[in-house]
Amino acid sequence: MSPVAVTAVDSCSGPNLKAFHDVLPVDPCIAGTLPGEDVYDGDDSDDTLDSEHGDLPSLTSNGRAGKERCENGVFQSSRWTDTESSTNPHCNVSVNGHPSTVENGNKKFPDPLSSLDISAQSDTNGENGIFILGRNMQYDCLSITEPEIDDESTGDKEAYMASVLARYRRMLVDRTRYHLGYPYNLDFDYGALAQLQHFSINNLGDPFIESNYGVHSRQFEVGVLDWFARLWEIEKEDYWGYITNCGTEGNLHGILLGREVLPDGVLYASCESHYSVFKAARMYRMDVVKVDTLVSGEIDCADLKRKLEERKDKPAILNVNIGTTVKGAVDDLDLVIATLRETGFTEERFFIHCDGALFGLMMPFVQKAPKVTFKKPIGSVSVSGHKFVGCPMPCGVQITRMEHINALSRNVEYLASRDATIMGSRNGHAPIFLWYTLNRKGYRGFQKEVQRCLRNAHYLKERLREAGFGVMLNVLSSTVVFERPQEEAFVRKWQLACQGDIAHAVVMPSVTVQKLDTFVDELIESRARCFKDGQVIVPCIANVIGEENCACTQHRQH
């Protein structure tokens, strides 16, 4: 499809965006996400369900699937309350907010996966864009119902649960197809590990110390830790680490280490750091100073220096971003260290934690990229395992210096071990998945994937720029930042992460050029629907992504 012609007008105002919860998302396994689009049925084999298994009908916008439109550049919505139900004899779909049912024999069970409550919930405080706890869940829960007395003989409950799970799998297939806004690599095959799902594998305590609990995977965990220790250039005898349950836990652990090593230290973090960094400050009751950032999202070391000088009497604990959440910006580690030294902070008076959730694993394979290494005076590094690696469950890796861990480690008689982790019980399956992938790909395999991701990210940036969108891509990043789409239905369909007037797409190994082409073509169509007269208003986002990247009339002329 050829790009829609863009006519820039003399306006640099940002887009008029509706609140996320003003328009109720329709379950993608039930209806098309955008007007006139049929639901994706998965592939033509085992992902396609028929009526015998309780399949849902494909309702399009013609079938009242929650019409969305743009008028004069402003996103609008119309809500339907038609009470017609499906003709599918196995699935009664109610569209007025009441749970539908799945019939198995003579039994009827509530089926929340097919519930369509299209009456949007309004803000109780009258302000758009405010999330109210407990008031933004748009789907009914999968409630628990007790088995009937005769269920062992009829098998009705088993059939019902099988139907729900099959339909849930179909939804996952669809959502995976349109996954672009979050940094998860969905390209993995762990069929060989299915044989381990029947075991409760728990890596209690210190990974390097045997405990009383024998069903563990510490041998895999230590192998993974050794691999990352080599990557970040620290000797076996000099490091300590463990497999965390997520990237946030890595940040919580790294900042806690800094607090324990420097009890009266002040935490410094850029304003574009991940929210878990500021969560850690609240949890540990630490003084925290937010540092300004450059337009790229990188920490502003000039502002860092000013703020360090104001608090020279206290040690400094710094969070350094190896890829910020929204813009994928990489803080200049060498410049941060130089700034500390110029301000009079010696190495014993500062602790640096490197949050490398996504790019901590990509950076070592980018030519001429600054190195994250323990040969520099850093205290810890964390990375997520479910992002670039592609582990199917949230997990991460945290590495620190052995000399620091004694500040946290305590004997636990109950375990016959020591513990210095944040969590007690830890997922013993995650290290096996990581070990399996690292063995399959190795350094060379990751290098190829990094190069492909960067190449495809540049391709996406150029396609968006040619189509007249404001777009930014940092040099070391695969996170493409662009103006926020005005159709919230489009945002939901592609699962885009948005902040203010911008959105981003994270190009991961599972994102192909074909998928990017489909995304851009649909984005162009979405924008065209918002401007029926063809006079596209290009918003000014220069203050967020820089004048050279903005496509509004004022900045495109320069």
Side-chain angles (χ1 to χ4, degrees), residues 207-208 222-244 247 250-251 253-258 260-262 265 268-270 273 298-299 301 304-305 308 315-324 329-385 388-389 396-408 420 438 442-444 446-447 450 475-476:
F208 301 92
V222 174
V224 171
L225 294 172
D226 283 346
W227 190 91
F228 279 94
R230 291 193 299 272
L231 184 70
W232 293 323
E233 299 182 314
I234 185 169
E235 298 297 326
K236 278 189 177 185
E237 60 272 16
D238 295 331
Y239 90 87
W240 185 91
Y242 75 104
I243 305 299
T244 63
N251 287 342
H253 192 272
I255 293 170
L256 180 60
L257 273 173
E260 294 298 289
V261 172
L262 302 169
Y268 297 83
S270 82
S273 298
E298 179 185 337
I299 191 170
C301 283
L304 173 62
K305 186 174 182 179
L308 285 169
I317 301 167
L318 287 95
N319 177 76
V320 171
N321 295 305
I322 312 302
T324 58
V330 176
D331 293 342
D332 190 330
L333 176 59
D334 294 332
L335 185 56
V336 168
I337 294 171
T339 302
L340 284 162
R341 288 170 173 164
E342 289 172 8
T343 319
F345 285 84
T346 55
E347 291 185 12
E348 64 273 9
R349 293 191 66 242
F350 68 80
F351 182 99
I352 296 176
H353 168 67
C354 296
D355 176 10
L358 173 59
F359 295 112
L361 184 54
M362 296 178 67
M363 285 273 291
F365 306 110
V366 179
Q367 290 184 351
K368 298 181 181 179
K371 264 194 169 186
V372 176
T373 169
F374 279 92
K375 292 183 178 180
K376 299 175 183 178
I378 62 174
S380 60
V381 183
S382 63
V383 67
S384 294
F388 193 80
V389 176
V397 176
Q398 163 73 349
I399 299 284
T400 186
R401 297 180 187 273
M402 182 68 76
E403 63 190 80
H404 296 325
I405 203 59
N406 286 331
L408 280 182
L438 296 178
Y443 292 111
R444 187 170 298 177
F446 283 118
Q447 184 177 34
V450 168
V475 176
L476 303 172

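Counting begins at 1 with the first residue of the sequence. The structure presented is a predicted model; accordingly, all values stated were derived computationally and were not measured. As a basis for the values below, the full set of heavy atoms in this structure was taken, side chains included, without hydrogen atoms, waters or symmetry mates.
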Checklist entry - How about I243 and L225: do any of their side-chain heavy atoms sit closer than 4.5 Å? => result yes
Next on the checklist: Can a donor-acceptor pair be found, under 3.5 Å and without considering hydrogens, that links the side chain of T324 to the backbone of A329?
Outcome noted: yes
Checklist entry - Taking the six-membered ring for Trp, are F446 and F365 parallel (under 30°), tilted (30 to 60°) or perpendicular (over 60°)? => result parallel
Checklist entry - Does the side chain of H253 reach to within under 4.5 Å of the side chain of L256, using non-hydrogen atoms? => result no
Checklist entry - When rounded to the nearest 0.5 angstrom, what distance separates CG in L304 from OG1 in T343? => result 7.0 Å
Item to check | Side-chain heavy atoms of E298 within contact of D332, under 4.5 Å | outcome: yes
Checklist entry - What do the steps show when you test L257 against I405 for side chain to side chain contact (heavy atoms under 4.5 Å, CB included), and what is the final call? => result CA-CA 7 Å; L257 273 173; I405 203 59; 4.1 Å; yes
Checklist entry - Is there a side-chain contact between F350 and V336 (heavy atoms, below 4.5 Å)? => result no
Checklist entry - Can you tell me how far CG of D238 sits from OG1 of T400, rounded to the nearest 0.5 angstrom? => result 11.5 Å
Item to check | Side chains of R341 and E347 in contact at under 4.5 Å (non-hydrogen atoms) | outcome: yes
Checklist entry - Any donor and acceptor pair, going by atom type alone, linking the side chain of D331 with main-chain N or O of N321 inside 3.5 Å? => result yes
Checklist entry - Judged by atom type as modelled, is there a donor-acceptor pair below 3.5 Å linking the side chain of K371 to the main-chain atoms of K376? => result no
Next on the checklist: To check you understand the geometry: which heavy-atom pair defines the closest contact between P377 and I352, and what is its length?
Outcome noted: O-CD1, 4.0 Å
Checklist entry - If you look at every heavy atom in A316 and L262, which pair is closest and at what distance? => result O-CD1, 3.9 Å
Checklist entry - Measuring from E235:CD to R230:CZ, what's the distance to the nearest 0.5 Å? => result 11.0 Å
Item to check | Exercise: identify the closest heavy-atom pair between R401 and I378 | outcome: NE-O, 2.8 Å
Checklist entry - Would V389 and V397 count as a side chain to side chain contact (heavy atoms under 4.5 Å, CB included) if you check the C-alpha gap in whole Å, the side-chain angles of each, and the deciding distance to 0.1 Å? => result CA-CA 11 Å; V389 176; V397 176; over 6 Å; no
Next on the checklist: Checking H353 against I317 for the side chain to side chain contact (heavy atoms under 4.5 Å, CB included) test, could you report, in this order, the C-alpha distance in whole Å, the side-chain angles of both residues, the deciding distance, and whether it holds?
Outcome noted: CA-CA 8 Å; H353 168 67; I317 301 167; over 6 Å; no
Item to check | S384 side chain vs G396 backbone, donor-acceptor pair below 3.5 Å | outcome: no
Item to check | Distance-minimising heavy-atom pair for Q398 and V381 | outcome: OE1-O, 3.0 Å
Checklist entry - Are any non-hydrogen side-chain atoms of D355 and V320 less than 4.5 angstrom apart? => result no
Checklist entry - Roughly how far, to the nearest 0.5 Å, is the CZ atom of F228 from the OG atom of S382? => result 11.0 Å
Next on the checklist: Side chains of L231 and L361, heavy atoms from C-beta outward: is any pair under 4.5 Å?
Outcome noted: yes
Checklist entry - What distance do E260 atom CD and N406 atom CG have between them, rounded to the nearest 0.5 Å? => result 12.0 Å
Next on the checklist: Could you go through M402 and F208, starting from their C-alpha distance and side-chain angles, then the distance that decides it, and tell me whether this counts as side chain to side chain contact (heavy atoms under 4.5 Å, CB included)?
Outcome noted: CA-CA 12 Å; M402 182 68 76; F208 301 92; over 6 Å; no
Checklist entry - Atom OH in Y268, atom CG in L340: separation rounded to 0.5 Å? => result 9.0 Å
Item to check | Any side-chain heavy-atom pair of F374 and I399 under 4.5 Å | outcome: yes
Next on the checklist: Tell me the closest heavy-atom pair linking P207 and G241, and the distance in Å.
Outcome noted: CG-O, 3.4 Å
Next on the checklist: Quick check on Q367: does its CD atom have over 12 non-hydrogen neighbours (other residues, nucleotides or ligands) under 6.0 Å away?
Outcome noted: no
Item to check | Exercise: identify the closest heavy-atom pair between C354 and I322 | outcome: CB-CG1, 4.1 Å
